[in-house]
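The structure under discussion appears below in the form of structure tokens.
In this text, all values refer to a predicted model and were calculated from it rather than measured experimentally.
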Amino acid sequence: MSISVEGLRRTYGDLTAVQYLSFKVSPGEIVGLIGPNGAGKTTTLRALAGILRPTAGRVLIGGFDIVEQPLDARRQLAFMPDEPHLFEYLTVEEHLRLIGRLYGVADVDARAQPLLEELELVGKQQALPGELSRGMKQKVVIACGLVRNPPVLLFDEPLTGLDPIGIRRMRDTIVRRARNGAAVLLSSHMLPLVQEVCTRVVIMYRGRKFADGTVQELAERVELHQADSTLEEIFLRITGHDAPAGEA
Ligand code: ATP
């Protein structure tokens, strides 16, 4: 199941947050969506998840149009937002069971157990959101998305608020899902990590796609010719924050 974005445009009143945006994510790929604050990344992810209606253009999730066939499309995906919203009166375990019931996951308890271990939430099954740290809440949101094992995963800043071990584990979790065939789109400002896990990167700038390719291809696009150019250097050059060679 792949993600296909075709000429996506989204406005908020007079403001055009995203326009002329097209890209694809195939099964097994992890594509990084990066760009400065306000570039349109969250708007794009929310449109892909079916939360925001595109002003123009099309989003296909596993071939289903997110506007025309919203139920079929949304069944294929999990969107993990950067702000962890949970139900105040439901425990961690109850959240997972609720997802199981809503999406018809018969063996939700059996699936939840290894996931809770993977995300280091063991011992917190009976905790309410108010008893969890920010990073733990974020992990619960991610557990709720992954417990259904959908083929398309959309992550908005999945690493914010996680400790260094949590970041490493989350990285492994994402890579494992892609190896098992998921199409993953991941927005993050943690560029070294994006460079490490992503097979390809889409750079957004002022609502448009500035470039799309491997780190190597992007380096060539911005005329950084060193073989070891980092995504951070590429990003700084695109946004005009790098110093040209020879200048301090
Ligand atoms: P960040 O890196 O800060 O998360 P982003 O790339 O995710 O930024 P968006 O949140 O998609 O950027 O915002 C893109 C543009 O749309 C910004 O100019 C923002 O002010 C505007 N915007 C976002 N949400 C709304 C909204 N609900 N109403 C009006 N304007 C909005």
| said: With no hydrogens and no angle check, just 3.5 Å: does a side-chain donor-acceptor pair link E118 and T173? | reply: yes

| said: For a side-chain contact (heavy atoms from CB on, under 4.5 Å) check, start with the C-alpha distance between L128 and E131, then their side-chain angles and the critical distance, and finish with the verdict. | reply: CA-CA 5 Å; L128 293 166; E131 300 167 316; 3.8 Å; yes

| message | I'd like to know whether L96 forms a side-chain contact (heavy atoms from CB on, under 4.5 Å) with C144, so could you lay out the CA-CA distance, the side-chain angles of the two residues, the decisive distance to 0.1 Å, and finally the verdict. | response | CA-CA 6 Å; L96 291 164; C144 286; 4.3 Å; yes

| request: Could you state whether I167 and I30 fall into the same hydrophobic cluster, counting links through intermediate Ile, Leu, Val, Met, Phe, Trp or Tyr residues with side-chain heavy atoms under 4.5 angstrom apart? | output: yes

| note | Residues at least two apart in sequence or cross-chain that pass side chain to side chain contact (heavy atoms under 4.5 Å, CB included) with L90, listed by chain then number, are F87, E94, H95, L98

| request: Would you give the length of the straight line joining atom CD of Q69 to atom CG of L60, rounded to the nearest 0.5 angstrom? | output: 8.5 Å

| request: Measure the CD-CZ distance between E6 and R58 for me, rounded to the nearest 0.5 Å. | output: 4.5 Å

| Rounded distance [0.5 Å steps], CG in L102 versus CZ in R97 | 14.5 Å

| task | For residues 2-56, pull every pair meeting ring-ring contact (aromatic ring centres under 6.0 Å, His included), keeping only residues two or more places apart or in separate chains. | result | none

| message | Please list all pairs meeting side chain to side chain donor-acceptor pair (under 3.5 Å) that have one or both residues in residues 72-88, counting only residues at least two apart or in different chains. | response | none

| How long is the gap from CG on L132 to CG on L121, to the nearest 0.5 Å? | 7.5 Å

| Verdict with supporting geometry, F79 and I51, side-chain contact (heavy atoms from CB on, under 4.5 Å) | CA-CA 10 Å; F79 173 48; I51 297 167; 3.4 Å; yes

| request: Run the salt-bridge test on D172 and R169 with the 4.0 Å N-O cut-off and return the result as yes or no. | output: no

